[in-house]
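As structure tokens, the structure follows; a few thoughts come after it.
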2 protein chains.
Amino acid sequence: MTTSERLVDATRELLWERGYTGTSPKAIQQRAGAGQGSMYHHFAGKPDLALAAIRRTAEEMRAAAERVLGGEGTAYARVEAYLRRERDVLRGCPVGRLTMDPDVIADGALRAPVDETLDWLRGRLAGILREGVASGEFDRSLDPERTAAAVVATVQGGYVLARASGSAAAFGAAVDGLLALLAGRRAA
Amino acid sequence: MTTSERLVDATRELLWERGYTGTSPKAIQQRAGAGQGSMYHHFAGKPDLALAAIRRTAEEMRAAAERVLGGEGTAYARVEAYLRRERDVLRGCPVGRLTMDPDVIADGALRAPVDETLDWLRGRLAGILREGVASGEFDRSLDPERTAAAVVATVQGGYVLARASGSAAAFGAAVDGLLALLAGRRAA
DNA sequence: GTCTATATGCAGATAGAC
DNA sequence: GTCTATCTGCATATAGAC
């Protein structure tokens, strides 16, 4: 792995664990095993490095979601597979957590990949739900867009509940609750 | 207002806007119009002041929720009133956002009020949903605990979606989606 | 109770040697 | 490409005068 790659990876880990404000250049260098000069040779500074890290994390999250969402089965089964997919629940969402960082939200370039990723996910889920309605699997009255927003919000909020309680079970409860509601909209 | 109160209020605002890591003693002092000596006279340091601020914020959030949840109407109507209650959506949840702060999660004393508040809220909503099931308003198969977890998660996740997109509408879409699903579980 | 002085170390770089 | 030196200012206090 190149020094540049190690710097990006170290930044990705630190952004996930400590957020943008809580991540210092020095900490990045130490984790990457790189010196100051090295970091500033490859990147213009902290925002530039963070941008590269966030883009990479966003890409990976999208790919991971697509692996599950693009699978086999009914619309309900694919949404369920997404919701129940294995997660490092107590670590939080590496993309969603950035929305609580004021410096990320204030910088359009840093916010863009976050927004695009969550919006892509919402749209992808909405498409699956729309198929489910069209095929007669779901009740006609189910609104794919709003339901998809609720699905994404439940996941993001599930992380909050899990971290507050220190237990991954809180995430599971929220997901179970949502899935039970969604199951009730399947056409008889 | 006393100097001590002004310090707590300033800390509450800053924790909401910038989180624990992003909030410095100096910023607190400036916002409160108090000097260094003054702050360290009234509080042992940043963690002590943050604890007072978090407890106060937690109390207020609970009181605000109770004002809506303790109102009149069916179980569905009260849950809806809670979900649609006016919120400063783009500012995020002053309690929930703290779960993304590693220094808060690592400190049991700071995490406790956060956990207790979200857990109280979940329990309060579960009680209302349980009444709704008992009264025949909701389908017998509705699980009050898990559904309540989904409601709280949707709100917390709604803030994430809103802040990512820069639009309060994203919060509204998630809430609409969840309410539509919940409405479908009302007994015929 | 509040103020000013003082202190260590980190944040976030820039400059220039090698 | 990487290293070391250097810089300004903030983070987070402590000490002691008033």
Side-chain angles (χ1 to χ4, degrees), chain A residues 1-56 97-98 100-111, chain B residues 1-56 97-98 100-111:
Chain A
M1 208 166 29
T2 69
T3 297
S4 177
E5 285 166 347
R6 272 184 294 111
L7 283 163
V8 171
D9 278 3
T11 305
R12 297 215 294 143
E13 289 172 23
L14 285 163
L15 286 179
W16 192 1
E17 288 168 28
R18 309 203 38 83
Y20 184 83
T21 306
T23 296
S24 70
K26 172 179 268 196
I28 293 169
Q29 293 151 27
Q30 285 173 342
R31 191 169 296 212
Q36 296 248 87
S38 199
M39 180 187 131
Y40 286 102
H41 170 74
H42 293 287
F43 298 93
K46 177 174 159 175
D48 185 37
L49 188 39
L51 180 57
I54 292 173
R55 284 186 171 147
R56 187 91 180 73
R97 74 109 50 237
L98 298 168
M100 294 306 145
D101 239 305
D103 297 338
V104 169
I105 296 304
D107 183 332
L110 295 180
R111 184 170 67 81
Chain B
M1 207 165 31
T2 68
T3 296
S4 175
E5 285 167 347
R6 272 184 294 112
L7 283 163
V8 171
D9 278 2
T11 305
R12 296 215 292 143
E13 289 172 23
L14 285 163
L15 285 179
W16 192 359
E17 289 168 27
R18 310 203 36 83
Y20 183 82
T21 306
T23 295
S24 71
K26 172 181 266 196
I28 293 168
Q29 292 150 25
Q30 285 172 342
R31 190 168 297 211
Q36 296 247 89
S38 198
M39 179 187 131
Y40 284 103
H41 170 73
H42 292 288
F43 298 93
K46 177 174 158 175
D48 185 36
L49 189 39
L51 180 57
I54 292 173
R55 283 187 171 148
R56 186 93 182 71
R97 73 108 52 236
L98 297 169
M100 294 306 146
D101 238 305
D103 297 338
V104 169
I105 295 305
D107 181 332
L110 295 180
R111 184 170 65 82

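Just so it is clear: chains get the letters A, B, ... in the order the sequence lines come, proteins before strands, and each one is counted from 1. Just the heavy atoms: all of them, side chains too, but no hydrogens, waters or symmetry mates, feed the values below.
If you check every strand for non-hydrogen atoms under 4.0 Å, Gly35(A) touches sugar and phosphate atoms only. Nucleic acid contact for Thr23(A): sugar-phosphate only, since backbone atoms but no base atoms lie under 4.0 Å from a heavy atom of the residue.
Atom CZ of residue Arg97(A) and atom CG of residue Leu15(A) lie 8.5 Å apart, to the nearest 0.5 angstrom. Between Asp107(B) atom CG and Leu51(B) atom CG the span is 8.0 Å, to the nearest 0.5 Å.
One can place CG of Asp48(A) at 15 Å from P of dG12(C), the figure rounded to the nearest angstrom. Regarding Gln36(A), its CD atom lies at a distance of 10 Å from the P atom of dA13(C), rounded to whole Å. Spacing between atom CD of Gln30(B) and atom C1' of dC10(D) amounts to 11 Å, rounded to whole angstrom units. If you measure from atom NZ of Lys26(B) to atom C1' of dC10(C), you get 14 Å, rounded to the nearest angstrom. Rounded to whole Å, atom C1' of dT12(D) lies 13 Å from atom CG of Leu49(B). Counting to the nearest Å, the P atom of dA13(D) and the CG atom of Leu7(B) are 14 Å from each other. Protein atom OH of Tyr40(A) is 14 Å distant from nucleotide atom C1' of dT6(D), rounded to whole Å. Between the CG atom of Leu14(B) and the P atom of dA11(D) there is a distance of 11 Å, given to the nearest Å.
Within 6.0 Å of CZ on Arg55(A) lie no more than 12 heavy atoms contributed by other residues, nucleotides or ligands.
The phosphate of dA11(D) (OP1 or OP2) has a side-chain N or O of Ser24(B) nearer than 4.0 angstrom. Contact annotation: Thr3(B) side-chain N/O to dT2(C) OP1/OP2 distance is under 4.0 Å. Proximity of His42(A) to the phosphate of dT2(D): a side-chain N or O atom is located under 4.0 Å from OP1 or OP2.
Between the Arg31(B) side chain and the Ala10(B) main chain, no donor and acceptor come within less than 3.5 Å of each other. Of the possible donor and acceptor atoms, none in the side chain of Arg18(A) sits under 3.5 Å from a partner among the backbone N and O of Thr23(A).
For Ser38(A), whose side chain is taken as the heavy atoms from C-beta onward, the closest listed nucleotide among dA13(D), dG12(C), dC3(D) is dC3(D).
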